[in-house]
Amino acid sequence: MVKGSSQGSPSNLSVTKLYTLSGGFKMAADVVKPGPVRCRTCAVVGNSGNLIGSQYGPRIDMHDIVIRMNHGTTKGYETDVGTKTTHHVMYPESAVNLDDTTHLVMFSFKMSDLLWLLKKFDSGDDSSVKRIANKDLVMILNPAFMRYVYEMWLGKRGSHPSTGFLTLVLSLQICDEVSVFGFGADRNGNWNHYFEILRNKNWKTGPHAGMHEYNIIQQLYQKKKIVFFKGF
Ligand code: C5P
């Protein structure tokens, strides 16, 4: 991850940039080779219901970096999803409050998302306003990266990449070894969440090209670019 400067920020927010605006990633669906400035091991934890009963918790917690996303929670699901969260990916509509040691990784899909973020850290004199995360641990993904993933990895399939797929491709750029948990349907073919009771049994992948993303993940696994844990 590229460390940015907090100087000149429009608020007291300290931001680490994930890639500079001019790029930093190749314009090809490529996986970067291991190197000394990258993180060692990374667990990317999606929110699939196939985590239930998996007992992956200790295995997930073994990784140096554990990235969760959106409403992905550990409370009550520790045996299956672990307890450690070093990074949490979110956008305003999926935001949850993070503890003081977890990096907030902001996926900004629109301009107002950045304004939302600034507001979250600008509570004026009202100290009762709960900050969403530690202001020194905020990272913002360059929106150009989303375009890169949409065009180069997905061939523009679906309306936009899912949070999980974006996170997976990002982790391949910054970590040597990537393990992937919590992606895909559950054993009954439902694309549900591990933390929800499924009400709509026909729930599929929404606006995302979920099966296409899943197939790419399988290919990465077959080519030994990631380790994939398919769940139960
Ligand atoms: O649903 P949500 O976007 O919060 O889940 C996080 C990510 O986990 C998704 O963007 C998707 O990539 C992945 N996921 C999945 N299969 C599911 C649920 C989520 O692959 N059943």
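Predicted, not measured: the structure shown is a model, and the values here were computed from it. Order of listing sets the numbers, starting from 1, for every ligand and every atom in it.
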Nearest non-hydrogen atom to atom 21 (N) of ligand 1 belongs to which of Asn192, Val44, Thr163, Asn47?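 Considering heavy atoms of Asn192, Val44, Thr163, Asn47, the nearest to atom 21 (N) of ligand 1 sits in Asn192.
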Gly184 near ligand 1, heavy-atom distance under 4.0 Å?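 The answer is yes: ligand 1 sits under 4.0 Å from a heavy atom of Gly184.
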Measure the distances from the heavy atoms of His71 to every atom of ligand 1 and state whether one is below 4.0 angstrom.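 Heavy atoms of His71 never come under 4.0 Å of ligand 1.
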Enclosure of [X] [atom1] (heavy-atom neighbours >12, cutoff 6.0 Å):
X	atom1	result
Gln55	CD	no
Tyr77	OH	yes
Lys156	NZ	no

How long is the span from the NE2 atom in His71 to the CD atom in Glu93, to the nearest 0.5 Å?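 If I round to the nearest 0.5 Å, the distance is 10.0 Å.
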Under 4.0 Å from a heavy atom of [X]: give me the atoms of ligand 1 that qualify, with their elements.
X	result
Gly46	8 (O)
Ser162	10 (O), 11 (C), 12 (O)
Phe165	12 (O)
Asn70	2 (P), 3 (O), 4 (O)

Counting non-hydrogen protein atoms only, what is the nearest one to atom 7 (C) of ligand 1? Give residue, atom name and distance.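 Sorting protein heavy atoms by distance from atom 7 (C) of ligand 1 puts Met69 SD, 3.6 Å first.
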Closest approach of any protein heavy atom to atom 14 (N) of ligand 1, naming residue and atom: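 Ranking protein heavy atoms by distance from atom 14 (N) of ligand 1, first comes Gly182 O, 3.9 Å.
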At a non-hydrogen distance cut-off of under 4.0 Å, which region of Tyr214 contacts ligand 1 (side chain, backbone, both, or neither)?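 Under 4.0 Å from ligand 1, Tyr214 contributes no heavy atoms.
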Apply ring-ring contact (aromatic ring centres under 6.0 Å, His included) to the pair Tyr91 and Phe107, showing each step before the final yes or no. CA-CA 5 Å; Tyr91 49 93; Phe107 281 10; 8.1 Å; no
For Gly164, is at least one N or O under 3.5 Å away from an N or O on ligand 1?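 So ligand 1 has an N or O lying under 3.5 Å from an N or O of Gly164.
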Sub-3.5 Å N/O-N/O distance, His193 and ligand 1: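 It does: an N or O of His193 is found under 3.5 Å from an N or O of ligand 1.
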State, to 0.1 Å, how close Ile60 and Val81 come at their nearest heavy-atom pair, and which atoms those are.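 Smallest interatomic distance, heavy atoms only, reads CD1-O, 3.5 Å.
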Are Cys42 and Cys175 within a span of less than 2.5 Å, counting SG to SG?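 Cysteines Cys175 and Cys42 do not qualify as a disulfide pair, their SG atoms being 2.5 Å or more apart.
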Before you tell me yes or no, could you show the steps for Thr83 and Asp61 under side-chain hydrogen bond (donor to acceptor under 3.5 Å, both in side chains), namely the whole-Å CA-CA distance, both residues' side-chain angles and the distance that decides it to 0.1 Å? CA-CA 7 Å; Thr83 57; Asp61 285 345; 2.9 Å; yes
